[in-house]
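Step one of this worksheet: look at the structure below.
Numbering starts at 1 and runs along the sequence shown. Atoms within a ligand are numbered from 1 in the order they appear, just like the ligands themselves. These values consider heavy atoms only, across backbone and side chains, with no hydrogens, waters or symmetry-generated copies.
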Amino acid sequence: MKTAKQGNQLIVLDETNRSSYQRIYEDGKKGLLECPVCSEKVRLFLGIEKDPYFQHNYTKHSNCTDPEIEEQTAADLIVREVNGFRIPTSNVITKTKNSGTFKTAKAVAYLPPFISNEKNMSTIHSPYIKALSDANVFLDANQAEAVVHPNGALLVLAGAGSGKTRVLTARTAYLLTEQKVEANRIMLVTFTAKAASEMKTRLLNYPNIVKSQINRLVTGTFHSIFYRILAHHFPEKWNSKKLLNIEWQRRQILKDAGREQDLDEKEFAYDAALQQIGYWKSSLLTPKQVKAETNWDEKVLFLYERYEQFKRQKELFDFDDMLTGCYQLFQEESDLLERYQNRFDYFLIDEFQDVNKVQYELIKMLSAVKKNVCVVGDDDQSIYAFRGSDPQYIRYFERDFPQAAVVHLSENYRSSHAIVETANKIIAANKHRRPKQMHAQFANNHEPVLFFPEDEEEEATMIVTDISEKIVAGADPGDFAILFRTNTASRAVFERLTTSSLPFKIDQDIDSFYERFIIKSMLSFLKLSLNEDDQNAIANILPSLFLKQSIITDIKAESILNDCTLLECIGRIKTSFSFQEKKLKKVAPVIRSVVAKPPLAAIEKIEKELGFQEFLKKRGNEGNQWDKGSDDIRDLKVAAKNFTSIRDFLDHADHMAAMNKEMKQQSKQRKNAVTLSTIHRAKGLEYKIVYVIGTVDGSIPHDYALESLRAGDSDPLEEERRLLYVAATRAKEELFLSIPQNRRGKKANPSRFLTSIRY
Ligand SMILES: Nc1ncnc2c1ncn2[C@@H]1O[C@H](COP(=O)(O)OP(=O)(O)OP(=O)(O)O)[C@@H](O)[C@H]1O
């Protein structure tokens, strides 16, 4: 049904402005829409696999049908029925009255046919492989070859979903049970603690493995293993009480140092500075060895020196020191190094494409004598360059272990044929990679789907609607993952899930969008329009007015002496610059003038008249290439669009910030829930159904990669393509790529990575 009534107005969907769909959807949820035929409540269906239409809230009781929709579905949409869902095929032509208003979802087309190539399991006549298959752990010939590989270096190179983790687990079991290696002589390194614990759990299902063996395995992340070594030898120095692991404490050290350089406490991008310091440390660069190339580098280098000095004085250490400390120790004490070289017989390393310099050097040092080192990795999944990882280490491995056997795995056991082929096509465009072509083991009727929401808000609605529909049809919430490039991109989908009844979980490091520095600053202007004496809000707007925090005492004193509001006092501040004083005088009148405006108009006015853009530009120059303040404001405007009053919008922001905290708590316990995750965090994981949001230029690839490209560096762009590859290959059965038509209030272009597929 394409028409609905709102009061006396008739809404004809195909003749309605496309950007109003989300508002109509919200109105429907509020019960403001009616069926023009039977007057029952209706709401707008805004999903993926069907074009928008009005549906009766209580379809069971409604005898009302609309010939228009039936006619359209029958004649105009070329759809395929799969499991009760109608999926538009690639050549859908939608002949609505107002053609082009809604862009129908499309399936990826022209994929090669699926040809089953069942692997010959008997190529390796090993009783162990047979025993594994009796225990339901199947290995193909190449996997088996890696598992029973004799001593020496081994490089397992493989694409996504090819069973690398399975190989590593099976090889560990093989060493324990067949080669009778003592468990504590095996070092098994994983990328996350969770991966280590999962491997241990899986090992328990392998034949003849006992729990005590698993407990004695030296396993965990690089950090946990090497920290244990340090703590064992120098328990005083490496006592966990001395670990600097709280982010705000680390930031505070930098902020204290930054004062010496006159860096603004609130404004300078200290998070990015901490990341940069971590990058230098994992690249084994001491402050003396860093060559600062930019103004930003120079500032951060200064902070790095001070940060290290502070730790030395207070005898503290951070996570990076666990690795650099061990590296230094082994370099300085050759006896100790030798002991560890003899202490371990085998090294097994997962996710090798993401090792960084210090990790690589540590493994090289330790395995130098026995050379029994097995690494598994996929250069197409190297996504941690900002932490110093580099797929080049795979090449270095071949150089440093020239006798290494190389095993290639090219069967994908995770994803359907259509997903594997789509991912193959996407990644093939990278120039710096080892060519490989993955083969799927099964096909289904779900070609990856591209869908075209109007903007981020509608994107969130469409995804949540689609998930709800699939859950009603029998899917489990745990089957779904919604993946995004950066945390900020998850705002709308978080909000939509929060107001749905769907259980979902988020990463612990996803902070609320409304807690971001720039957002808080802009929202504080709005808060002051409602309460001119809001002290926190005054403190939050100071950086954007180029005022130091210390001025707050003067503002308060002025307010008491002259009996005026804190906001008014801003206009009385004396600085030595007349242009600045002139601007400060405008603050109160501008804020007062926005009180009755809708939040979007208020934000635009503040931005324009109080020089907010100037402030953002200055901030943009502070070297933080990932998060730009101006992008935050654009995101905020998208969020504000659906609110008519400042108070409602501020209440919404407070509510969402509180929900973020609560959801993080709940997420720790939640098992069967929709996963909301960055692509980075989803590495190594798999889900039946995956939605990738914001598959547009600027998001994936991220703006900073496009800027690098313009400056002549294509490496970041290749890493972004790998990110999309990782995201796509997390899906087992269904993959949805969202292409919002507008992003951050501007027209968006489909990700350039999609040019290699046809739809
Ligand atoms: N020989 C096999 N037969 C059947 N299923 C397999 C086989 N090998 C692996 N699998 C399954 O395929 C999926 C992917 O395996 P695994 O996670 O080990 O791959 P991976 O190469 O580590 O993946 P990625 O690098 O993409 O995270 C898992 O569900 C695993 O159980």
Report the part of [X] in contact with ligand 1, treating N, CA, C, O as backbone and CB onward as side chain, heavy atoms under 4.0 Å; options are side chain, backbone, both, neither.
{"X": "Q143", "value": "side chain"}
{"X": "L139", "value": "backbone"}
{"X": "E686", "value": "side chain"}

Would [X] count as being in polar contact with ligand 1, using the rule that some N or O on each side must be under 3.5 angstrom apart?
{"X": "E351", "answer": "no"}
{"X": "T165", "answer": "yes"}
{"X": "S162", "answer": "yes"}
{"X": "A160", "answer": "no"}

I need the atoms of ligand 1 closer than 4.0 Å to a non-hydrogen atom of [X], numbered in the order shown.
{"X": "G163", "answer": "8 (N), 9 (C), 15 (O), 16 (P), 18 (O), 19 (O), 20 (P), 21 (O)"}
{"X": "R730", "answer": "24 (P), 26 (O), 27 (O)"}
{"X": "R414", "answer": "14 (C), 17 (O), 19 (O), 23 (O), 24 (P), 26 (O), 27 (O)"}
{"X": "Q381", "answer": "24 (P), 25 (O), 26 (O)"}
{"X": "F138", "answer": "1 (N), 2 (C), 3 (N)"}

Heavy-atom donor-acceptor pair, [X] side chain to [Y] backbone, under 3.5 Å:
{"X": "R722", "Y": "S382", "result": "yes"}
{"X": "E361", "Y": "V358", "result": "no"}
{"X": "D379", "Y": "R434", "result": "yes"}

Assess whether atom CZ of F442 is packed by more than 12 heavy atoms of other residues, nucleotides or ligands within 6.0 Å. yes

TODO: Look at the aromatic rings of F451 and Y691 and report parallel, tilted or perpendicular, splitting at 30° and 60°.
DONE: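 It falls in the perpendicular class, over 60°.
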
### Message
One pair to check against salt bridge (Lys or Arg N to Asp or Glu O under 4.0 Å): D378 and K436. What are the steps and the verdict?
### Response
CA-CA 10 Å; D378 176 5; K436 58 178 110 55; 3.2 Å; yes

Residues passing the salt bridge (charged side-chain N to carboxylate O under 4.0 Å, His left out) test with K370, sequence neighbours excluded, are D345

Side-chain heavy-atom pair E398, L155 within 4.5 angstrom cut-off: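 Touching, per the 4.5 Å side-chain cut-off.
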
query: How about R721 and N430: does a side-chain donor come under 3.5 Å of a side-chain acceptor?
result: yes

field: Minimum non-hydrogen distance to atom 5 (N) of ligand 1, winning option of M199, R166, E198, E411
entry: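 Comparing heavy atoms across M199, R166, E198, E411, the nearest one to atom 5 (N) of ligand 1 lies in R166.
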
